[in-house]
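In this chain, numbering begins with 1 at the start of the sequence shown.
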Amino acid sequence: MTPDLEQVRALLGAPHRAGTPPHWIEHAEVVLGPLPPSYRWWLAEYGSGAVGGASIATVSPPEYVEDSDAITAAWRRDDDRLCFHVEDDGAEHRFALDRRRADGECPIVRRDPFDGEEDPVAETFAGFLAVHDARARGLRDGPNPTIAHLWRATPGLLRPDGLLLYGPHEIAERNETFEVARYAPGWTLVGDDSGGRGLLMRHHGRDRRSVYVLDLGALGEDVADVGDLLTDDLIGWLAAV
C-alpha cells in the first residue's frame with residue numbers, strides 16, 4: 001500500500017525547519033542509489049528528526065563529505081541494506097533494498113545488536129514512523145491485526161471519495177469523542193466517510209477484518225446487525241479499489 005503523505009504530515013506536525021536541499025538528496029542518491037520515496041519526502045520536508053530518542057539519518061552536504069559519508073554518522077549502505085536509525089542499545093533499523101517494491105518503497109527490518117538476526121518492522125518508512133508513534137502512545141501495534149497491517153504501510157489513509165482511515169495520531173481521540181467503548185463495547189472506530197458515518201471493526205474475536213459503516217449517532221452493541229458491511233477484508237479491498 002502506498003503511503004498517504006498528507007497523513008504522515010498530520011502524524012508529524014508541520015515542519016519546524018527547512019527540509020534538506022534537493023541537490024543534497026540527489027548527491028546521496030548518486031552514491032547510494034534511489035532512496036525510498038516516503039523517506040525521500042521526509043528528507044525534503046523535514047530534514048531531521050528522531051524516533052525513540054535516536055536520530056533518523058539525514059543527508060550530508062555533498063561539498064563537505066566523502067562519498068562514503070553521503071548520509072550522516074554511522075548510517076551506511078551494506079550491500080542490500082541501508083541503515084537509517086540506530087537505537088541506544090545498538091539495534092539498527094534498515095531499509096531492505098533487495099525487497100524494493102514497484103513503487104520504490106522498501107520494507108524496514110530491525111537488526112538485533114547481539115545475534116544479528118533481522119525482524120520485520122514496517123512495509124515503508126512512513127509505516128516505520130506510524131508503528132513507533134502507535135507504540136509511544138500506548139496503542140501497541142494497533143486495535144486489531146488489520147489496522148496494525150495498515151499502519152505498517154501508512155499512518156492512516158484518506159481516499160478521494162472522502163473515506164478516511166485513522167492513523168495512530170487520531171484514533172484514540174475519535175473513539176473518546178464518540179464514546180465508542182461505552183455505546184459499542186467490543187468495537188473500534190477506525191475511520192469515517194467524511195459525512196457523519198463511522199467505520200467500525202471488532203477488536204476481539206475471529207472476525208477482525210470486516211468493516212461496518214454506521215451513523216455515528218446510532219452507535220450500539222449491534223453494529224454488525226444494523227450497520228452496512230463495507231468489506232470483509234479491509235486490506236484486500238483497499239488494494240483493489
Exercise. Counting distance only, does the side-chain N/O of His85 pair as donor-acceptor with the main-chain N or O of Val51 below 3.5 Å?
Worked result: yes
Exercise. Just wondering, more than 12 heavy atoms not from Arg111 lying within 6.0 Å of its CZ?
Worked result: yes
Exercise. Is it true that a side-chain atom of Asn175 and a backbone atom of Leu189 form a donor plus acceptor pair closer than 3.5 Å?
Worked result: yes
Exercise. Going by heavy atoms in the side chains, are Ser55 and Ser48 under 4.5 Å from each other?
Worked result: no
For this session: Go through Asp232 and Arg206 one step at a time and tell me if the salt bridge (Lys or Arg N to Asp or Glu O under 4.0 Å) criterion holds.
Result: CA-CA 12 Å; Asp232 61 2; Arg206 290 185 177 181; over 6 Å; no
For this session: Kindly indicate whether the side chain of Arg159, heavy atoms from C-beta on, has any atom under 4.5 Å from the side chain of Leu238.
Result: yes
Problem set entry | Main-chain N/O of Gly162 paired to Ser194 side chain as donor or acceptor, under 3.5 Å | yes
For this session: Using the rule that two of Ile, Leu, Val, Met, Phe, Trp, Tyr join whenever any of their side-chain heavy atoms come within less than 4.5 Å, decide whether Leu229 and Leu165 are in one cluster.
Result: yes
Exercise. Side chain of Arg152, backbone of Pro120: donor and acceptor closer than 3.5 Å?
Worked result: no
For this session: For the pair Arg100 (side chain) and Gly104 (backbone), establish whether a donor and an acceptor sit closer than 3.5 Å, ignoring hydrogens and angles.
Result: yes
Problem set entry | Polar side-chain atom of Thr146 near backbone of Arg208 as donor-acceptor pair, under 3.5 Å | yes
Problem set entry | Geometric class of the His132/His93 ring pair [parallel <30°, tilted 30-60°, perpendicular >60°] | perpendicular
Seminar exercise, completed: Residues at least two apart in sequence or cross-chain that pass salt bridge (charged side-chain N to carboxylate O under 4.0 Å, His left out) with Asp115, listed by chain then number, are none
For this session: Say whether Val190 and Val226 are linked into one hydrophobic cluster, either directly or through other cluster members, by side-chain heavy-atom distances under 4.5 angstrom.
Result: yes
Exercise. Within the distance-only criterion (no hydrogens, no angle test), does the side chain of Thr20 pair as donor or acceptor with the backbone N or O of Val59 below 3.5 angstrom?
Worked result: no
Give every donor-acceptor pair under 3.5 Å between a side-chain atom in residues 210-225 and any protein atom, sequence neighbours left out.
{"from": "Ser210", "atom 1": "OG", "to": "Asp207", "atom 2": "OD1", "distance (Å)": "3.0"}
{"from": "Ser210", "atom 1": "OG", "to": "Asp207", "atom 2": "OD2", "distance (Å)": "2.8"}
{"from": "Asp215", "atom 1": "OD1", "to": "Gly217", "atom 2": "N", "distance (Å)": "2.7"}

For this session: Begin with the C-alpha distance, continue with both residues' side-chain angles, and end with the deciding distance and a verdict on ring pair (Phe, Tyr, Trp, His ring centres under 6.0 Å) for Phe84 and Phe125.
Result: CA-CA 10 Å; Phe84 67 92; Phe125 176 75; 5.6 Å; yes
For this session: Give every residue pair that meets the salt bridge (Lys or Arg N to Asp or Glu O under 4.0 Å) criterion with at least one member in residues 36-45, sequence neighbours excluded.
Result: Arg9-Glu45, Glu29-Arg40
Exercise. Does any N or O in the side chain of Thr124 come within less than 3.5 Å of the main-chain N or O of Glu105, such that one atom is a donor and the other an acceptor?
Worked result: no
Exercise. Distance-only, no hydrogens or angles: does the Asp78 side chain make a donor-acceptor pair with backbone N or O of Arg81 under 3.5 Å?
Worked result: no
Seminar exercise, completed: Which of Glu117, Glu118, Glu92, Glu87 passes salt bridge (charged side-chain N to carboxylate O under 4.0 Å, His left out) with Arg110? It is Glu87
Exercise. Are there more than 12 heavy atoms of other residues, nucleotides or ligands under 6.0 Å from atom CZ of Arg101?
Worked result: yes
For this session: May I have the step-by-step check of side chain to side chain contact (heavy atoms under 4.5 Å, CB included) for Trp42 and Val8, ending in yes or no?
Result: CA-CA 9 Å; Trp42 176 85; Val8 180; 5.8 Å; no
Problem set entry | Criterion side-chain contact (heavy atoms from CB on, under 4.5 Å) against Ile147, the qualifying member of Leu234, Asp141, Leu139 | Leu234
Exercise. When rounded to the nearest 0.5 angstrom, what distance separates CG in Leu230 from CG in Leu200?
Worked result: 11.0 Å
Exercise. Hey, is the main chain of Asp233 close enough, under 3.5 Å, to the side chain of Thr231 for a donor-acceptor pair?
Worked result: yes
